[in-house]
**Q** 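Starting off with a structure, shown below.
If you read the sequence from its start, that first residue is 1, and numbering goes on from there. Note that the structure is predicted; figures quoted are calculated from it, not measured. Counting starts at 1 for both ligands and their atoms, following the listed order.
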Amino acid sequence: MKNILVVNGPNLNMLGIREPAIYGRQTYADLLAYIREAASALSLNVTCFQSNSEGELVTAIQQAYGKMDGIVINPAAYTHTSVAILDALKAVALPAVEVHLSAVETREAFRQVSYAGMACEKTITGKGFAGYQEALAYLAQRV
Ligand code: DQA
């Protein structure tokens with residue numbers, strides 16, 4: 001079985017509470033259950049990690065080196081600011097897919113830049129939880 005790390009950034013632990021008109025009413029626990037079921041259907045071994053801290057996200061990506069076969073990442077707000085997360089993804093050089101629940105391309109100007117996306121093979125936006133399934137399915141073929 002291939003090992004995939006799913007990394008979620010700041011405020012995604014607030015799903016269900018935060019801006020439901022944008023992110024929906026399902027919780028972070030619902031997202032974890034969804035990801036685990038999708039991974040199991042694709043015969044992938046999945047490890048999920050969420051943090052509100054940029055450094056912890058960088059460390060989680062670094063620790064994937066030599067252990068994981070691919071990364072699914074929603075860096076949340078750090079998408080638009082973090083060269084450190086971009087550099088960590090480049091450092092481990094694992095196949096990575098960027099996911100955003102919302103259609104970031106239709107939102108504010110400051111969301112139009114994705115640093116992390118520059119190190120990802122694919123970006124999926126605006127599909128809600130299904131974006132994670134699509135990312136896992138891509139990696140299941142790729143790795
Ligand atoms: C997000 C989009 C980001 O712009 C935002 O800061 C988030 C969530 C998404 O999944 O749509 O926190 O990554």
**Q** Assess the side chains of Y23 and N11: does a donor N or O sit below 3.5 Å from an acceptor N or O?
**A**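 N11 and Y23 do not have a side-chain donor-acceptor pair below 3.5 Å.
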
**Q** Write out the protein residues near ligand 1, meaning a non-hydrogen atom under 4.0 Å from one of its atoms, in order of chain and number.
**A**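 These residues qualify: R18, Y23, N74, A76, A77, H80, H100, L101, S102, V104, R111.
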
**Q** Answer yes if the side chains of N52 and E54 hold a donor-acceptor pair under 3.5 Å, and no otherwise.
**A** no

**Q** Answer with yes or no whether the hydrophobic clustering places L15 together with Y78; edges join I, L, V, M, F, W, Y residues whose side-chain heavy atoms lie under 4.5 Å apart.
**A** no

**Q** Around atom CD of Q141, are there more than 12 heavy atoms from other residues, nucleotides or ligands closer than 6.0 Å?
**A**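 No, CD of Q141 has 12 or fewer neighbouring heavy atoms, counting only those of other groups under 6.0 Å.
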
**Q** Can you tell me if E121 and Y138 form a side-chain donor-acceptor pair at under 3.5 Å?
**A**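 Yes, Y138 and E121 have a side-chain donor paired with an acceptor closer than 3.5 Å.
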
**Q** Can you label the angle between the F110 ring and the H80 ring as parallel, tilted or perpendicular, going by 30° and 60°?
**A** perpendicular

